[in-house]
Amino acid sequence: MQFISEPAPAIAPDWFARPSTQVAPDLLGCTLVRQLPSGAVIRGLIVETEAYAPGDPACHAYRRQTQRNAVMFGPAGLTYVYLIYGIYHCLNLVTDGDGVPSAVLLRALQLEAVSAGGDRAATQKLDRVAAGPGKLCRALQIDQTLNAHALRPNTALWVEHRSPDCDRALAQMPDAITQTTRIGLTQGVELPWRWYLTQSKAVSKR
DNA sequence: TGAAGGATTTGT
DNA sequence: CAAATCCTTCAC
């Protein structure tokens, strides 16, 4: 079953103004849209997310507000992009109310095939290109210059709602979404705040 | 001012 | 399992 379909309405900032643990699973099946400076557009279905919340020792904002994590304390609907291990970038979407530091990490996308044309090998390869938070940002050419970006249609980055078909399919199938623990953390390891589309071939490894 | 370490990925 | 690689954070 494929969830990719026609462009759906863009998600408004208010939609993100809920706890990250609610937004994270709801983002599955939505489409992340990146418009490059050249005007080229890359679209990908969100297939894996993680939530970070207040009181969560793994959250960058756990200790206090700093210059880096400041955007997480702000209003919902903004991006939080940071550099990890000096090599990769990670893309978060800020959630919850103003003053409540929380966000959802986008861990994997199923990229929309532009001209795959039923090529099995090409499709399999495409499934791995954005499978992981670092690879996702590499594929979409996302770096710190996109930090604190407001998600709005026809800007550099925005998110579109699930298609009606996708929404229906996820609602009908109880096991369509898997909830489990987060990856790569040293703290908050036990919290089951990672979600992914169970059947997706584009989720991150490990 | 310095040192430790990280929400990752890749190759040995 | 260790390297790559650099920015952020915290300690002194």
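So you know, we letter chains A, B, ... as the sequences are listed, proteins then strands, and number each from 1.
Proximity of the aromatic rings of H60(A) and Y52(A) is defined here by a centroid distance below 6.0 angstrom, and this criterion is not met.
When the C1' atom of dT8(B) is taken as reference, atom CG of D143(A) falls 17 Å away, rounded to whole Å. Going from atom NZ of K135(A) over to atom C1' of dT8(B) covers 10 Å, rounded to whole Å. N69(A) has its CG atom 13 Å from the P atom of dA7(B), to the nearest Å. Regarding H60(A), its NE2 atom lies at a distance of 10 Å from the P atom of dG6(B), rounded to whole Å. What separates OH of Y62(A) from C1' of dG5(B) is a distance of 18 Å, to the nearest Å.
In this pair, Y52(A) lays its aromatic ring flat on the base of dA7(B), centres within 5.5 Å and planes under 30 degrees apart.
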Give each protein N/O atom lying under 3.5 Å from an N/O atom of nucleotides 3-6 of chain C, with the pair distance.
| from | atom 1 | to | atom 2 | distance (Å) |
| --- | --- | --- | --- | --- |
| dT5(C) | O2 | Y85(A) | O | 2.4 |

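Taking a pair as Watson-Crick or G-U with both hydrogen-bonding distances under 3.5 Å, the stems of three or more pairs touching DNA chain B are B:1-6 with C:6-11, B:8-11 with C:1-4.
Of the inter-residue distances, the one linking T180(A) atom OG1 with L191(A) atom CG reads 11.5 Å to the nearest 0.5 angstrom.
Taking atom C1' on both nucleotides, dG5(B) is separated from dA2(C) by 15 Å, rounded to a whole Å.
Checking the phosphate oxygens (OP1, OP2) of dT8(B), a side-chain nitrogen or oxygen of R107(A) falls inside 4.0 Å.
Taking a cutoff of 4.0 Å between a charged side-chain nitrogen and a carboxylate oxygen, D143(A) and R138(A) do not qualify as a salt bridge. Note on R107(A) versus E50(A): salt bridge recorded, some NZ/NE/NH1/NH2 to OD/OE distance being below 4.0 Å.
In this structure, R68(A) is not positioned above the aromatic face of Y80(A) in the sense of NZ or CZ being under 6.0 Å from the six-membered ring centre and within 45° of the axis.
Using a 4.0 Å heavy-atom distance criterion, R138(A) is classed as a sugar-phosphate-only contact. Contacts of R68(A) with the nucleic acid, taken as non-hydrogen atoms under 4.0 Å apart, involve only primed sugar atoms and P, OP1 or OP2.
Between L106(A) and L27(A), the closest side-chain pair of non-hydrogen atoms falls below 4.5 Å.
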